[in-house]
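Everything numeric in this text was worked out from a predicted model, so none of it was measured. Computed over heavy atoms, backbone and side chain alike; hydrogens, waters and symmetry mates excluded. Quick note: residue numbers are just sequence positions, from 1.
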Amino acid sequence: MASISTSGGRRILYLGSGKGRRKLHLGTMNAKTAASVKLHVEYLHTARLANQPAPPDTARWLAGIDDALHDKIAGLGLCEPRAPRETATLQAFIDQYVESRGDVKAVTKAAWRQGEQSLVAFLGADRDLATVTKGDADDYIVYLRSLDLASFTQKKRLQFAKTIFRSALRHKLIAENPFADAKITASMANRKAMIEPTDIDKILAACPDHNWRCITVLARYGGLRCPSEVLSLRWQDIDWAAGKMLVTVPKLEHLEGKATREVPLFPEVRDVLWDAHQLAPDGAVYVVDERFRRSANHRDGWKNCNLSTTFKKIIRRAGLEPWPKVFHNLRASRATELVRTFPSHVAAAWLGHTEAIADKHYRRVTDDDWNRAVQKTVQLGAEIGRNASRSKRSRVEFPQEFSTCESVPETEWATQDSNL
């Protein structure tokens, strides 16, 4: 049996295979933790004497303790020394991780590089992953906030750090993910907008040419992602007779069955596209002039390039103030409209996302929703009032002589009921 001594710091004392006592110096350690160490030391000592493997719980405990304590236990002959740990530095591991992810698109890796730059700038390129603590993770959040970044940008960069250290944990390069509990809250509340058809009419009137009118209606009434889906639509993808479009989905093309989807040729879209078709030069392949596509489609993926900048100028020319995330909110406005008329799963399929994603990122509560709710509430209140008034007027007024009538014995009621 082992015992704990507190003389000169906590120590575990036990009788070794010889006659003398062996000592395991624990240093500064609370009593509860020391008691747990003592119990596992007893199991290890007993297993060594019996030439048997350590119990499973003790083996797991031994694998999880730090190198310093493990070296002390190994020095007493109670376990085998650990093999030298492979040192993984931050920059090297990030490079290896990004290179190994052949399942993600180039544009995603380009976004990761932004998270990489912040993480490496804070921790250092040669930082040993195993030395990063939860305190470092907390300090990294403070660092991100000091960069005056949008809350969603901060959240994405923190998410990259969590991803990197989660992968390091799965490769057993670190004992725990120090970023596992780190969190940055970002709200979309001030970035959401419902773009009404009356505003779109003004914007269409302010568009300089048919290309911008196509971009506007495809994003707002077609619900297409801009720029990737809008600038990938070809004239051959439009079935005028069947009233539908075959939309190419660059964002999901690496997923089986997700490379394209069919979208109705809604009247608001059809009329503008038909006019553009009459103006398109002979041999034109894409609905929107291909120069837009060449500018937006880079080696690392699709980028808005100057689309947002120019579109904001068009919005101002229409006498309106640009809203946040101009193209995303056009698509979100269509998602909100469609679900009012069509089943939720149908609306989601046309826009190319799941119902859960639609509820989280696209669908909006609009002023029209509130107005209709208030109108129904007022109508219901008026109806209740009319019914209450009608009920009061139709109440039967009994003659005075019945108002003070004597109660009838229960036996007489029973007799009267049997005669009915």
A.B. asks: Can you confirm whether V230 sits close enough to F292 that some side-chain heavy atom of one is under 4.5 Å from a side-chain heavy atom of the other?
C.D. replies: no

A.B. asks: Taking R225 for the side chain and K251 for the main chain, is one N or O donor matched with an acceptor at less than 3.5 Å?
C.D. replies: no

A.B. asks: Quick check for you: to the nearest 0.5 Å, what is the distance between D139 atom CG and L144 atom CG?
C.D. replies: 11.0 Å

A.B. asks: For T198 and D201, which I'm curious about, is there any donor-acceptor pair between the side chains at under 3.5 Å?
C.D. replies: no

A.B. asks: So for atom OH, which belongs to Y43, do other residues, nucleotides or ligands contribute more than 12 heavy atoms lying within a distance under 6.0 Å?
C.D. replies: no

A.B. asks: Heavy-atom count check: over 12 atoms from other residues, nucleotides or ligands less than 6.0 Å from Q278 CD?
C.D. replies: yes

A.B. asks: So, applying side chain to side chain contact (heavy atoms under 4.5 Å, CB included) with D237, which one of V263, V247, V287, L246 is it?
C.D. replies: L246

A.B. asks: Might you confirm whether atom CG of D209 has over 12 heavy atoms from other residues, nucleotides or ligands at distances under 6.0 Å?
C.D. replies: yes

A.B. asks: Any chance the rings of F122 and Y143 have centres within less than 6.0 Å?
C.D. replies: yes

A.B. asks: I'd like to know whether I141 forms a side chain to side chain contact (heavy atoms under 4.5 Å, CB included) with F179, so could you lay out the CA-CA distance, the side-chain angles of the two residues, the decisive distance to 0.1 Å, and finally the verdict.
C.D. replies: CA-CA 10 Å; I141 293 176; F179 286 87; over 6 Å; no

A.B. asks: Can you tell me how far NE2 of H70 sits from CH2 of W61, rounded to the nearest 0.5 angstrom?
C.D. replies: 8.5 Å

A.B. asks: Heavy-atom count around H25 NE2 within 6.0 Å, excluding the residue itself: above 12?
C.D. replies: yes

A.B. asks: On a heavy-atom basis, which atom in R261 and which in G223 lie closest, and how many Å separate them?
C.D. replies: NH2-O, 3.8 Å

A.B. asks: What residues form a salt bridge (Lys or Arg N to Asp or Glu O under 4.0 Å) with E290, not counting sequence neighbours?
C.D. replies: none

A.B. asks: What I'd like to find out is whether the side chain of H40 reaches to under 4.5 Å of the side chain of L62, using heavy atoms alone.
C.D. replies: no

A.B. asks: Is there a side chain to side chain contact (heavy atoms under 4.5 Å, CB included) between Q159 and I184 once you walk through the steps?
C.D. replies: CA-CA 9 Å; Q159 185 60 48; I184 290 179; over 6 Å; no

A.B. asks: For the CZ atom of F266 and the NZ atom of K244, what is their distance to the nearest 0.5 Å?
C.D. replies: 13.5 Å

A.B. asks: Looking at side-chain heavy atoms only, is the closest gap between W235 and H277 below 4.5 Å?
C.D. replies: yes

A.B. asks: Do the side chains of E253 and K105 get close enough for a salt bridge, i.e. N-O under 4.0 angstrom?
C.D. replies: yes

A.B. asks: Closer than 4.0 angstrom, basic N to acidic O: yes or no for D95 and R113?
C.D. replies: yes

A.B. asks: Side chains of Y14 and L76: closer than 4.5 Å at any heavy-atom pair?
C.D. replies: yes

A.B. asks: I need the S151 OG to R145 CZ distance, nearest 0.5 Å.
C.D. replies: 10.0 Å

A.B. asks: If the threshold is 4.0 Å, N to carboxylate O, is there a salt bridge linking R213 and D275?
C.D. replies: no

